Amino acid sequence: VQLQASGGGLVQAGGSLYLSCLPSGRMNRWNIMGWYRQQPGKEREMVAQITKLNGGITHYSDSVKGRFFISRDNAKNTVDLQMNGLKPEDTAIYYCNAKIASATPPYETNYWGQGTQVTVSS
């Protein structure tokens, strides 16, 4: 499985960006897909997640709730992130993530994209 993230860039504070994650490989057993970010010197943190089933249950970090919106297309196994009201503190490398189930241990594996840079200027 490979995850190709796109859509990052440079934007002024208050602006918007749209990230897309296009996977390839065997994606039929994914459970959760989402976006994480990592700022220099900090650990990678979850930004937004969405489930494949149950109507697409979403979960957001408190720092982006109400500004970022995650969506998925089960037919294409893609996940996107609409980011509005961007702030300088949103500057980070954003990574696409997929949690895929398997019938053998470890029963679920994390896959990561290569990351896309988002820079928000003040």
Side-chain angles (χ1 to χ4, degrees):
V1 172
Q2 291 186 330
L3 305 175
Q4 180 68 41
S6 62
L10 173 63
V11 65
Q12 288 188 334
S16 298
L17 284 173
Y18 190 85
L19 303 184
S20 294
C21 180
L22 178 65
S24 59
R26 300 186 67 177
M27 286 290 296
N28 56 308
R29 298 193 68 178
W30 71 269
N31 293 323
I32 298 172
M33 290 186 72
W35 292 90
Y36 288 66
R37 69 187 181 188
Q38 189 165 20
Q39 298 166 326
K42 295 186 178 181
E43 293 187 355
R44 192 173 296 185
E45 62 173 354
M46 189 278 296
V47 174
Q49 291 180 321
I50 188 166
T51 64
K52 181 177 184 179
L53 303 178
N54 299 317
I57 298 171
T58 58
H59 179 58
Y60 298 93
S61 69
D62 288 343
S63 61
V64 306
K65 202 171 294 183
R67 299 188 297 123
F68 290 13
F69 300 94
I70 191 169
S71 60
R72 67 170 180 12
D73 184 330
N74 281 354
K76 299 178 182 178
N77 293 318
T78 58
V79 64
D80 299 325
L81 186 67
Q82 175 68 51
M83 304 187 295
N84 301 323
L86 283 161
K87 304 175 181 180
E89 51 264 42
D90 294 317
T91 296
I93 299 175
Y94 284 70
Y95 296 91
C96 179
N97 169 264
K99 302 183 190 302
I100 301 176
S102 63
T104 56
Y107 299 114
E108 186 176 86
T109 302
N110 269 315
Y111 291 89
W112 297 95
Q114 84 286 6
T116 184
Q117 178 70 47
V118 171
T119 303
V120 185
S121 63
S122 57

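All residue numbers in this chain count up from 1 along the given sequence. All figures in this text were calculated on a predicted structure; none of them were measured in a lab.
Taking the six-membered ring for Trp and the full ring otherwise, the centers of Tyr111 and Trp30 sit at least 6.0 Å from each other.
Taking hydrophobic clusters as Ile, Leu, Val, Met, Phe, Trp and Tyr residues chained together by side-chain heavy-atom distances below 4.5 Å, Tyr95 does not share a cluster with Leu22. Residues Ile93 and Leu17 do not share a hydrophobic cluster, clusters being chains of Ile/Leu/Val/Met/Phe/Trp/Tyr side chains in contact below 4.5 Å. Following chains of ILVMFWY side-chain contacts shorter than 4.5 Å, one can reach Val64 starting from Met33, so the two form part of one hydrophobic cluster. Hydrophobic clustering (side-chain heavy atoms under 4.5 Å, transitive across Ile, Leu, Val, Met, Phe, Trp, Tyr) keeps Trp112 apart from Leu81.
With Lys99 as the fixed residue, the side-chain hydrogen bond (donor to acceptor under 3.5 Å, both in side chains) test singles out one of Asn31, Thr51, Asn110: Asn110. For the side-chain hydrogen bond (donor to acceptor under 3.5 Å, both in side chains) with Gln49, the lone residue among Tyr36, Trp35, Tyr60 that qualifies is Tyr36.
The distance from atom CD1 of Ile32 to atom CG of Leu53, rounded to the nearest 0.5 Å, is 10.0 Å. Between atom CD of residue Gln82 and atom CD1 of residue Ile70 there is a gap of 12.0 Å, rounded to the nearest 0.5 Å.
For residues 52-64, every residue pair satisfying the salt bridge (Lys or Arg N to Asp or Glu O under 4.0 Å) rule, not counting sequence neighbours, is listed here: Asp62-Lys65. Sequence neighbours left out, not one pair with a member in residues 55-85 passes disulfide bond (SG atoms under 2.5 Å apart). Legend: disulfide bond (SG atoms under 2.5 Å apart) pairs involving residues 49-122, not counting sequence neighbours, sorted by first then second residue: Cys21-Cys96. Sequence neighbours left out, the pairs with a member in residues 15-26 that pass side chain to side chain donor-acceptor pair (under 3.5 Å) are Ser16-Asn84, Tyr18-Asp80, Ser20-Asp80.
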Distance-only criterion, 3.5 Å: show the donor-acceptor pairs between side-chain atoms of residues 114-122 and protein atoms not counting sequence neighbours.
residue, atom, partner, partner atom, Å
Gln114, OE1, Ala5, N, 3.4
Gln114, NE2, Ala5, O, 3.1
Thr116, OG1, Gly8, N, 3.2
Gln117, NE2, Ala92, O, 3.4
Gln117, NE2, Thr119, OG1, 3.3

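Looking at heavy atoms from C-beta onward, Arg67 lies in side-chain contact with Asp90 at the 4.5 angstrom threshold. Side-chain atoms of Met27 and Val1, non-hydrogen and from C-beta on, do get closer than 4.5 Å to each other.
With hydrogens and angles ignored, the 3.5 Å screen pairs a side-chain donor or acceptor of Asp73 with a backbone N or O of Lys76.
Pro106 and Thr109 make their closest contact through CG-OG1, 4.0 Å (heavy atoms, listed as atom of the first residue, atom of the second, distance).
Remark: Glu45 pairs with Arg37 by the salt bridge (charged side-chain N to carboxylate O under 4.0 Å, His left out) rule, at least two apart or across chains.
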